Structure formats: C-alpha cells, structure tokens
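Throughout, a chain's letter reflects where its sequence line sits, starting with A, and its residues are numbered from 1. What you see is a predicted model; the values in this text were computed from it and never measured. Atom set for the values below is all heavy atoms of this structure, side chains included, hydrogens, waters and symmetry mates excluded.
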Number of protein chains: 2
Amino acid sequence: MKEKPYHHGNLRNELIEAGIELINEVGLRDFSLRKVATKCNVSHAAPYSHFKNIDELVGAMGEHVTERFMDKLRASIRGREDSREAVSLLGQAYIEFFMEHPAFALFRKTAYRMFRRMGQPESGDSQRLIALWSMVHGIASLLTNPGVRYSGDWREVFIKRLEAKEREV
Amino acid sequence: MKEKPYHHGNLRNELIEAGIELINEVGLRDFSLRKVATKCNVSHAAPYSHFKNIDELVGAMGEHVTERFMDKLRASIRGREDSREAVSLLGQAYIEFFMEHPAFALFRKTAYRMFRRMGQPESGDSQRLIALWSMVHGIASLLTNPGVRYSGDWREVFIKRLEAKEREV
DNA sequence: GTAACAATCTTTACAGTGTAAAGATTTGCG
DNA sequence: CGCAAATCTTTACACTGTAAAGATTGTTAC
C-alpha cells in the first residue's frame, strides 16, 4: 500500500481541471471551493496555497478554458485556412465547444472576439461573417439552454441553414 | 413609545422594495435573504411566509422592476406616440433606467423585448429601429459598467449619434 | 550532512449563508 | 367566543469562504 504523500505535486493544475469538471456537472450555483478541494483529495484550505481566493481560481479556470477553445478552433481549420469550407468548420467547432462546456456561456463574449478574428482571413466580406456569427451564436445558445435537448444531428441543421444564408447574398 | 406590532402588515411588498435597494447598493454577490429581512426589521426566517425560497424573491423583484421600467418607457413618450421624437425619448429613458438600477443588467433581455415592441408603432422601418437599439444597448452597457464613469452629459452624446445614424440611412 | 528557510498542506476556528421545523402571536371567520 | 389560518420568532443544521496556526516536505547555504 502506497501512502498518500503530504505534498500533492500538481495541485494547482488539478484544481483548475477539477474545477472545470465540477462547474459543468453541477452548474455555477452549486460550485464551491471546498468541493473542488475534496475532488482532489485535499483539505478544504489547501487551494489557498495557490489562489488568493475563489475568484482567482475561477479566473484561472476561465483562462484555461479559452486556451482549449482556441486550440479547438485552430485545429478545426488546420490546412484549409483560406478555403470556403473554413468558416463552416469554425462554426461547427464553436457550437460543439459550448455543448461540451455548457457552464462556460459566461465566457462567450471573449470567445466571440476570437471567433471573429479567426474567421476573417482577408478583410472585406464582413457582412457575411457577421450574419454567420449571429446564426452560430443563436444555435449555440439554443443547444446549450438547460432543458433543451435536440435528439437529431445539429450539424445537419447548421449546414442547411448556412447554405441558405449563402444563397441570400 | 409605540410597540412594534408582531405582524408587519405589508411585509411582502417591503421585502421586494428593500431587496431592490439592497441589490443596487451592494451588488449581486453580497445580496442575501437575511440582509433583506434585517432591512425590514424582521427575523431572518420571516420571508419564508411569503416566498418559497430566495429565487422566488428575486423573481418577484425582477417583475416589479420591469413593471417600473415599462412605466418609465410609457411616460417618456406620453402624448407623442407617433412622433419622430418618440424613438429618441425611448432610448434616453432606456439608458437612464439602467443607470439608476445598474444591478438589473440581468433583466436587460426582457427589457429589450419591451423596448422593441414599444418603439414599433407601425410596422416597417425596422431596419432603423434595430440600428437604434444596438446603439442604445451599447451606450447603456458602457455607462453602467462598474468602474466607468462619464463626467459629461451622456444625453448630448446620445442625440449626436442618433442624428448621425439618421443621416446614414 | 545539516541547519535554516520556503513552499505546501492540515487543523481549527469563525462569521455568514439558505432553509427546515417547531413554537408564539395575531387576525379573521364560523 | 372559539377555533383555524396566517404571519412572525426561535432554534437548529449543514454548508460556505477564508483567516490563522501548526505539521510536513523540498530546497538551498554552509
């Protein structure tokens, strides 16, 4: 039997990841510092060696999430940066991300900025991009609404509506 | 010396009003049921005779606020329902309201619906109204942002920008 | 190596929170 | 009047964030 060592070794990072899991499991209302600590098998005051208070932990969680968000966006258009397909793939990645992390709708404002910057390879064409984003945002809001579940394949809906928008212009 | 009567007489309404005051004084984070009860000189469990839980109290506060919000909008355009001025007055009332109640940015979504319905006397002309609203919303967001204070007269800015928008179309 | 120090973790403590349950007081109605 | 319903107080409990002091380990200077 191995004894649990007094020092955890990687607590700061595990607090961030356990925190992200927890807030997506139980929502913002039932999120608490002590639960995150318990999830890491650590006393309830241990987090204070790494974060000044609970807001600082949540802030670090936010940064971590937006990093993974940008990775996902970048990966979704790898190799086709300038293709016409790229903007559609970006939209799908955007929606998918917020379906995986519904509690992070809070961070959608900064997500939006990244999404726009990323989907704007050459200037101009901004009219179409704004229209696209409204749609993406709308679908994401709908699908991540608690109580709403969509049994079909949302990707189908998304692509259909994207094609319709293309014809409009 | 008058003895304080055992029954308050108007507790439900006073809880709602004291709650609105409190949330605008201390913000959402430090808002609590017990403080509202104390503000009404009543024991901390008294609110449970009128509300099932704290969410129900906050909900009632929201309803009360939106009622006052609509009153303010209606009063701002009294007598000039169909004039060209009306839409400008509506915008000013909208901004003013959220400056008086900064903590109620939460309710801005429903406020937006009312604002749109109110500013749409005859159908058509919707392009201009949407553009107007984006501006009103943007200014309201800016002015009610904690940490941002604008020393000048925001009304001046608002009207200038409105006139510019008119010329655009 | 060892002594001193810094980092990390546990324990203990406290004030504040929401809310459930039981008892007190008043109002209203038969 | 008498009894029931409404309203309020008291008490209690589990949970929260966080401050403070002590325990354990890792690191560095000598």
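When atom types are taken as modelled, the side chain of N53(B) and the backbone of E56(B) share a donor-acceptor pair closer than 3.5 angstrom. In this structure a side-chain-to-backbone donor-acceptor pair under 3.5 Å is missing from H7(B) to G9(B). Looking at K52(A), its side chain never comes within 3.5 Å of a backbone N or O of L57(A) through a donor-acceptor pair. Within the 3.5 Å criterion, the main-chain N or O of G19(B) finds no donor-acceptor partner in the side chain of K35(B). Counting only distance, with no hydrogens or angles, the side chain of T66(B) and the backbone of F69(B) share no donor-acceptor pair below 3.5 Å.
For F51(B) and dA6(D), the CZ to P distance is 16 Å, given to the nearest whole Å. The distance between atom CD of E56(A) and atom C1' of dG17(D), rounded to the nearest whole Å, is 14 Å. Atom-to-atom, CZ of R29(A) to C1' of dT17(C) comes out at 12 Å; the value is rounded to the nearest Å. L22(A) places its CG atom 14 Å from the C1' atom of dT16(D), with the value rounded to the nearest Å. In this structure, K52(B) atom NZ and dA6(D) atom C1' are separated by 19 Å, rounded to whole Å. Atoms NE2 (H44(A)) and P (dA14(D)) sit 16 Å apart, rounded to a whole Å. The OH-C1' distance, from Y48(B) to dC8(D), rounds to 15 Å in whole Å. Rounded to a whole Å, the CG atom of L57(B) is 15 Å from the C1' atom of dT17(C).
A sub-4.0 Å separation between OP1 or OP2 of dC9(C) and a side-chain N or O of S43(A) is absent. Put simply, S32(A) has a side-chain N or O that comes within less than 4.0 Å of OP1 or OP2 on dT16(D).
Checking dT8(C), dA20(D), dC8(D) against the side-chain heavy atoms of H7(A) singles out dT8(C) as nearest. Nearest to the side-chain atoms of I54(B) among the listed nucleotides dC8(D), dG18(C), dT18(D) stands dG18(C).
Salt bridge status for E96(B) with K72(B): present, with a side-chain N to carboxylate O gap under 4.0 Å. Electrostatic pairing of R68(B) and D71(B) does not count as a salt bridge here, judged by no charged N lying under 4.0 Å from a carboxylate O.
Proximity of residues 8-15 of chain B to DNA chain C (heavy atom under 4.0 angstrom from any strand atom) is not detected for any residue.
Contact annotation: side chain of R34(B) to base of dG16(C), donor-acceptor pair absent below 3.5 Å.
At the heavy-atom level, K35(B) lies under 4.0 Å from the strands shown only through sugar-phosphate atoms. Here H50(A) lies in heavy-atom contact (under 4.0 Å) with sugar-phosphate atoms only.
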